[in-house]
2 protein chains.
Amino acid sequence: MDTDALERRMTARGLRRTPQRLAVWRAFAERPGRTIREVVAQLHEQGIGQATVYRAVRALEDAGLLLRFAAPHGEVRFAAVLGHAHLLVCERCGAVESLEECHLGAYEAEVARRSDYLVSGHTLIVYGVCPHCREGA
Amino acid sequence: MDTDALERRMTARGLRRTPQRLAVWRAFAERPGRTIREVVAQLHEQGIGQATVYRAVRALEDAGLLLRFAAPHGEVRFAAVLGHAHLLVCERCGAVESLEECHLGAYEAEVARRSDYLVSGHTLIVYGVCPHCREGA
DNA sequence: TCCATACCTGATAAATCTTATCACTTGTCG
DNA sequence: CGACAAGTGATAAGATTTATCAGGTATGGA
């Protein structure tokens, strides 16, 4: 993923570009759909404290660089994003892919009109079974 | 909300219709977007133990009767649903409304074709600021 | 480049949230 | 109406998340 865009976004939000934060973001970018705990365990071996991971996740999430979502079975997972994103999640193995197209502009406008909300965005997660898990079944 | 449909779904899934579970579901139906802790506190006054609330939430979620989602600021919240549902969430006050229309059938089919996933469903959450909070600002 | 400063980090403790255990109760089905 | 598996409440145990604080470091300006 594009680390330049990431760093630009971070400075734009007044966040320092520390190696710890970049490592956290990269951990979720390399393998989307991991839990915080998994990343805490991985980065702890690299000398990054757990509190730092939790703080980084919060900061990156607030900046719109991480997307938090509730996977099947209730686990909270994250995916690295650069702004808007749709996700495709495998219910079996937890694999996460990014969907680029978004046809919801008109729908958002309709929702805004009918609800009188000031709509700011949306999160769309599509669930299914990935090709690999389909074979295995 | 329709308690009949709820009970039919519960028995269809092999879940017993206990008063505790109905109370949990109703708590999230009356005011969508609450956290588990909030409901634990409310129902504890009615003599329902916290472990029961956690167990009920898991059972109802597995049965597709509760939707778990990550609200802004990372809090995990729930809404009572009867199958498919889209949510409209206020970023300020946390109010949650249900959106009935769904125009994503064609999109799902397209995603399935392109990704080779067996698509089973989706979750859509629209964020914004509700009319009440807009006035207050 | 170097400094000053506000922001960030790591370690630990504390607080919070979630699950396990167990004796007892209650829906469900024949 | 029973029998029995499933569910419940209280408590303890376990897991996750946040607070604290002393020290480190990225950043912007001289």
Side-chain angles (χ1 to χ4, degrees), chain A residues 3-4 6-28 33-63 65-66 68-78 94, chain B residues 3-4 6-28 33-63 65-66 68-78 94:
Chain A
T3 307
D4 261 13
L6 168 69
E7 301 194 1
R8 260 183 276 117
R9 272 186 101 93
M10 287 181 72
T11 47
R13 309 260 176 173
L15 292 178
R16 286 190 182 171
R17 289 175 288 186
T18 67
Q20 292 88 344
R21 284 176 176 170
L22 295 182
V24 168
W25 191 84
R26 232 186 338 263
F28 288 111
R34 301 166 101 178
T35 64
I36 287 195
R37 252 172 313 108
E38 289 166 355
V39 171
V40 163
Q42 178 197 325
L43 295 185
H44 193 274
E45 297 173 356
Q46 300 172 27
I48 297 178
Q50 63 170 350
T52 298
V53 175
Y54 279 96
R55 284 183 292 230
V57 165
R58 169 173 292 189
L60 292 170
E61 189 184 10
D62 286 349
L65 296 166
L66 279 183
R68 178 190 303 240
F69 64 96
H73 304 92
E75 286 168 305
V76 173
R77 298 176 174 277
F78 294 84
Chain B
T3 307
D4 261 14
L6 168 68
E7 301 194 1
R8 260 182 276 116
R9 271 186 101 95
M10 289 181 69
T11 47
R13 308 261 177 173
L15 292 178
R16 286 188 182 173
R17 289 174 287 187
T18 67
Q20 291 89 343
R21 285 177 176 168
L22 295 182
V24 168
W25 190 84
R26 222 178 289 116
F28 287 111
R34 302 166 101 179
T35 64
I36 287 195
R37 295 304 301 181
E38 288 166 356
V39 171
V40 163
Q42 178 197 324
L43 295 184
H44 192 274
E45 297 173 356
Q46 300 172 27
I48 297 178
Q50 63 170 352
T52 297
V53 175
Y54 279 96
R55 283 183 293 229
V57 165
R58 168 172 293 189
L60 293 170
E61 189 184 10
D62 286 348
L65 296 164
L66 279 184
R68 178 190 303 240
F69 63 98
H73 303 92
E75 286 167 307
V76 173
R77 298 177 174 278
F78 294 83

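The chains referred to below are lettered A, B, ... by the order of the sequence lines, with proteins before strands, and numbering in each begins at 1.
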Would you compute the distance between atom CD of B:Gln50 and atom CZ of B:Arg55 and round it to the nearest 0.5 angstrom?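 B:Gln50 CD to B:Arg55 CZ: 10.0 Å, rounded to 0.5 Å.
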
Shortest side-chain distance from [X], nucleotide among [options]:
X       : options               : answer
A:Gln20 : C:dC17, C:dT9, C:dT21 : C:dT9
A:Ala51 : C:dT12, D:dG7, D:dG9  : C:dT12
B:Arg16 : D:dT20, C:dG27, D:dG9 : C:dG27
A:Arg17 : C:dG10, D:dT27, D:dT8 : D:dT27
B:Pro19 : D:dT27, C:dG27, D:dT8 : C:dG27

Do A:Arg77 and A:Arg68 have side chains that approach each other closer than 4.5 Å (heavy atoms only, starting at C-beta)?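 A:Arg77 does not reach A:Arg68 side chain to side chain.
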
With side chains defined as the heavy atoms from C-beta onward, is the minimum distance between A:Phe28 and A:Leu60 less than 4.5 Å?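 In short, these two side chains do not touch, never coming nearer than 4.5 Å.
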
Specify the residue among B:Thr11 and A:Ile48 whose closest nucleotide of DNA chain C lies further upstream toward the 5′ end.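 Closest to the 5' end, via its nearest nucleotide, is A:Ile48.
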
Toward the 5' end of DNA chain D, by each residue's nearest nucleotide, B:Leu15 or B:His44: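 Nearer the 5' end of the strand: B:Leu15.
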
For [X] and [N], give me the distance from atom [atom1] to atom [atom2], rounded to whole Å.
X       : N      : atom1 : atom2 : result
B:Tyr54 : D:dA10 : OH    : P     : 16 Å
A:Gln50 : D:dA19 : CD    : P     : 14 Å
B:Glu45 : D:dG9  : CD    : P     : 15 Å
B:Arg55 : C:dC17 : CZ    : C1'   : 16 Å
A:Glu75 : D:dA15 : CD    : P     : 15 Å
A:Ile36 : D:dT17 : CD1   : P     : 6 Å
A:Arg13 : C:dC7  : CZ    : C1'   : 18 Å
B:Gln46 : D:dA10 : CD    : P     : 13 Å

Closer than 4.0 Å, any side-chain N/O of A:Thr52 to the OP1 or OP2 of C:dC8?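 Result: no.
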
Would you say B:Thr18 places a side-chain N or O within less than 4.0 Å of OP1 or OP2 belonging to D:dT8?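 The answer is yes; a side-chain N or O of B:Thr18 sits under 4.0 Å from OP1 or OP2.
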
Donor-acceptor pair, A:Trp25 side chain versus A:Leu65 backbone, under 3.5 Å?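 Looks like yes, one N/O pair under 3.5 Å.
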
Test your reading of the model: is there a side-chain donor-acceptor pair from B:Arg34 to the backbone of B:Ala27, 3.5 Å cut-off?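 Yes.
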
Just checking B:Arg37: base, sugar-phosphate only, or nothing, at a heavy-atom cut-off of under 4.0 Å?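 Touches a base.
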
Classify A:Arg21 by what it touches in the nucleic acid, base, sugar-phosphate, or nothing, heavy-atom distance under 4.0 Å.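 Sugar-phosphate contact only - A:Arg21 comes under 4.0 Å of backbone atoms but never of a base.
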
